[in-house]
Amino acid sequence: MNQLPFRKSGRFYRGNLHTHSTVSDGELSPDDVVAAYRSQGYDFLALTDHFLPQYDFRITDTRAFRNAQFTTLLGAELHAPQTSAGRLWHIVAVGLPLDFAPTAPDETGPALAVRAAAAGAFVGIAHPAWYTLTLDDGLSIDAAHAVEVFNATAVWDNDRGDGWYLCDLLLRQGKRVLAYAADDAHFYIRPDTFVAWIQARAEELSPEAILEALKSGAFYSSQGPQIDDVDIDDRRVAVRCTPARAVFVSGPDERSGRCLGQAMTECEVPFQWLRDLPYIRVTVVDDAGRKAWTNPIWLK
């Protein structure tokens with residue numbers, strides 16, 4: 001499967017794609033946010049402060065924090081009217097230019113996403129469960145590269161951190177969206193930091209290489225477990241990972257396969273429906289209940 005990242009050249013780099021600072025509604029300055037993530041062994045960070053008039057429509061400039069061991073991507077959380085529930089959209093855009101124009105008074109969420117993608121950004125549908133996005137909402141954001149399938153802040157804010165429901169519904173409609181996990185750290189709910197991240201496969205640690213890995217799907221998401229390889233043929237899915245108690249292979253409906261055990265580092269999941277499905281995804285669960293997820297793997 002050529003979309004899988006595990007055997008691509010380069011190495012994995014750990015990073016968070018959704019983060020806030022005092023430039024918008026976060027508790028820490030950009031300097032302190034970057035220092036916190038660097039101290040936890042992250043390789044890159046996107047500071048995605050809210051792009052709103054009360055914050056002067058600012059893109060937080062983090063270029064000064066880049067060096068050979070750590071890099072940043074410029075981004076923002078974009079907002080415009082309106083979801084089917086009448087709420088402002090929340091759209092993560094990573095890879096924006098510093099001069100990205102303010103949201104126009106009559107600009108809609110879908111139009112804003114198109115403009116961000118045209119400016120070169122990786123566009124994500126942020127925390128969909130947190131504000132109950134519908135399938136029609138998701139389908140309207142045609143420019144989205146990905147769905148935020150786990151959001152740590154939403155877990156502790158209103159117990160709605162899991163966004164896989166929307167990702168799977170979009171995938172069933174034939175939308176080839178990717179899936180990423182993020183903290184959405186504000187640093188005032190302490191369990192929202194260093195909880196979920198992506199591992200992006202790239203030749204080098206540069207903003208350009210990481211952004212290309214995001215757009216091409218050369219990454220997986222994790223709360224702790226490491227996925228080392230996924231191999232697929234017409235009868236089974238083989239997974240190598242750090243010690244796990246469960247490995248799940250999920251399709252677009254109830255059809256699935258699993259391996260359950262103790263400290264598994266290799267397993268083969270028989271999956272008799274592989275030839276019939278458009279896509280699958282793999283979930284690894286460790287002994288603490290933490291998960292890692294592949295992107296959707298298209299089989300047709």
Side-chain angles (χ1 to χ4, degrees), residues 1-18 40-44 122 124 145-152 161-164 167-168 171 176-183 194-203 205 209-210 212-233 235-252 256-271 274 277 279-299:
M1 299 295 154
N2 59 12
Q3 74 262 45
L4 291 171
F6 305 103
R7 302 179 195 178
K8 291 183 182 294
S9 59
R11 52 158 286 196
F12 281 113
Y13 295 99
R14 180 186 183 190
N16 186 45
L17 298 180
H18 190 172
Q40 292 295 315
Y42 283 68
D43 300 300
F44 66 91
F122 171 83
H145 295 92
V147 175
E148 196 171 85
V149 295
F150 180 83
N151 179 290
D162 190 335
W164 270 111
C167 191
D168 280 323
L171 292 164
R176 297 205 171 204
V177 289
L178 302 168
Y180 72 96
D183 282 343
F194 324 127
V195 175
W197 56 87
I198 67 163
Q199 295 280 6
R201 188 89 174 183
E203 295 276 6
L205 183 59
I210 298 298
E212 174 57 31
L214 295 178
K215 291 180 180 179
S216 67
F219 65 91
Y220 71 91
S221 299
S222 183
Q223 300 170 325
Q226 177 178 307
I227 303 176
D228 296 316
D229 193 31
V230 176
D231 186 62
I232 302 169
D233 62 28
R235 60 182 178 82
R236 60 84 170 121
V237 179
V239 179
R240 289 194 298 107
C241 57
T242 51
R245 70 179 185 188
V247 175
F248 297 97
V249 178
S250 305
S256 63
R258 70 204 59 79
C259 284
L260 305 177
Q262 295 295 320
M264 298 182 298
T265 58
E266 296 185 13
C267 71
E268 289 196 358
V269 182
F271 207 91
L274 273 173
L277 299 181
Y279 78 93
I280 57 171
R281 57 181 177 87
V282 174
T283 305
V284 174
V285 187
D286 71 11
D287 211 38
R290 299 175 304 176
K291 298 179 179 180
W293 305 273
T294 67
N295 272 305
I297 302 163
W298 288 91
L299 305 175

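Nothing fancy with the numbering, it's 1 onward along the sequence.
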**Prompt:** Is there side-chain contact between Thr265 and Asp228, with at least one heavy-atom pair below 4.5 Å?
**Reply:** no
**Rounded distance [0.5 Å steps], CG in Asp287 versus CZ in Arg245** = 6.0 Å
**Message:** Please find the pair of heavy atoms, one from Ile210 and one from Ala202, that lie closest to each other, and give the distance.
**Reply:** CD1-CB, 4.2 Å
**Message:** Contact between Arg236 and Leu274 at the side-chain level, heavy atoms closer than 4.5 Å - yes or no?
**Reply:** no
**Item:** Trp293 and Trp164 aromatic ring geometry - parallel, tilted or perpendicular at 30°/60° bounds
**Value:** tilted
**Nearest non-hydrogen partners of Phe219 and Leu214, listed with the distance** = CE2-O, 3.4 Å
**Item:** Asp183 side chain to Ala196 backbone, donor-acceptor under 3.5 Å
**Value:** yes
**Any Trp298 side-chain heavy atom under 4.5 Å of Leu171 side chain** = yes
**Message:** Counting C-beta onward and ignoring hydrogens, is there a side-chain heavy-atom pair between Pro252 and Leu277 closer than 4.5 Å?
**Reply:** yes
**Message:** As a quick check of understanding, evaluate side-chain contact (heavy atoms from CB on, under 4.5 Å) for Gln3 and Thr294, giving each step before the final call.
**Reply:** CA-CA 11 Å; Gln3 74 262 45; Thr294 67; over 6 Å; no
**Prompt:** Should the pair Arg14 and Tyr42 be classed as cation-pi, given the thresholds of under 6.0 Å to the six-membered ring centre and 45° from the axis?
**Reply:** yes
**Request:** Hey, could you give me the CD1/CD1 distance between Ile232 and Ile280, rounded to the nearest 0.5 Å?
**Result:** 4.0 Å
**Prompt:** Is there a donor-acceptor contact under 3.5 Å from the side chain of Arg201 to the main chain of Lys8?
**Reply:** yes
**Message:** Would you compute the distance between atom CG of Asp233 and atom CD of Glu268 and round it to the nearest 0.5 angstrom?
**Reply:** 8.0 Å
**Message:** Working to the nearest 0.5 angstrom, can you tell me the gap between Phe6 CZ and Cys241 SG?
**Reply:** 10.0 Å
**Message:** Between Val269 and Val282, is there a side-chain heavy-atom distance shorter than 4.5 Å?
**Reply:** no
**Atom pair CZ (Arg240) and CG (Asp231), whose distance is rounded to the nearest 0.5 Å** = 9.5 Å
**Complete:** When every non-hydrogen atom of Ile198 is compared with those of Ala181, the smallest separation belongs to CG2-O, 3.8 Å
**Message:** For His18 versus Asn16, what's the shortest heavy-atom pair and its separation?
**Reply:** O-ND2, 3.0 Å
**Item:** pair Val195-Arg290: side-chain heavy atoms closer than 4.5 Å
**Value:** no
**Prompt:** Does Arg11 count as lying over the ring of Tyr13, i.e. NZ or CZ under 6.0 Å from the six-ring centre, within 45 degrees of the axis?
**Reply:** yes
**Asked** Side chains of Tyr279 and Asn295: is there a donor and an acceptor less than 3.5 Å apart?
**Response** no
**Complete:** Value for CD (Gln199) from OG (Ser221), rounded to nearest 0.5 Å, stands at 9.5 Å
**Request:** Under the side-chain contact (heavy atoms from CB on, under 4.5 Å) rule, what do Val237 and Ile297 come out as? Steps first, then yes or no, please.
**Result:** CA-CA 11 Å; Val237 179; Ile297 302 163; over 6 Å; no
**Non-hydrogen atoms of Pro243 and Asp286 that approach each other most closely** = O-CB, 3.8 Å
**Asked** Which word best sums up how the rings of Tyr220 and Phe12 line up, parallel for under 30°, tilted for 30 to 60°, or perpendicular for over 60°?
**Response** perpendicular
**Prompt:** Without hydrogens or angle criteria, can the side chains of Tyr180 and Glu148 be said to hold a donor-acceptor pair below 3.5 Å?
**Reply:** yes
**Item:** Nearest non-hydrogen partners of Leu260 and Ala246, listed with the distance
**Value:** CD2-CB, 3.6 Å
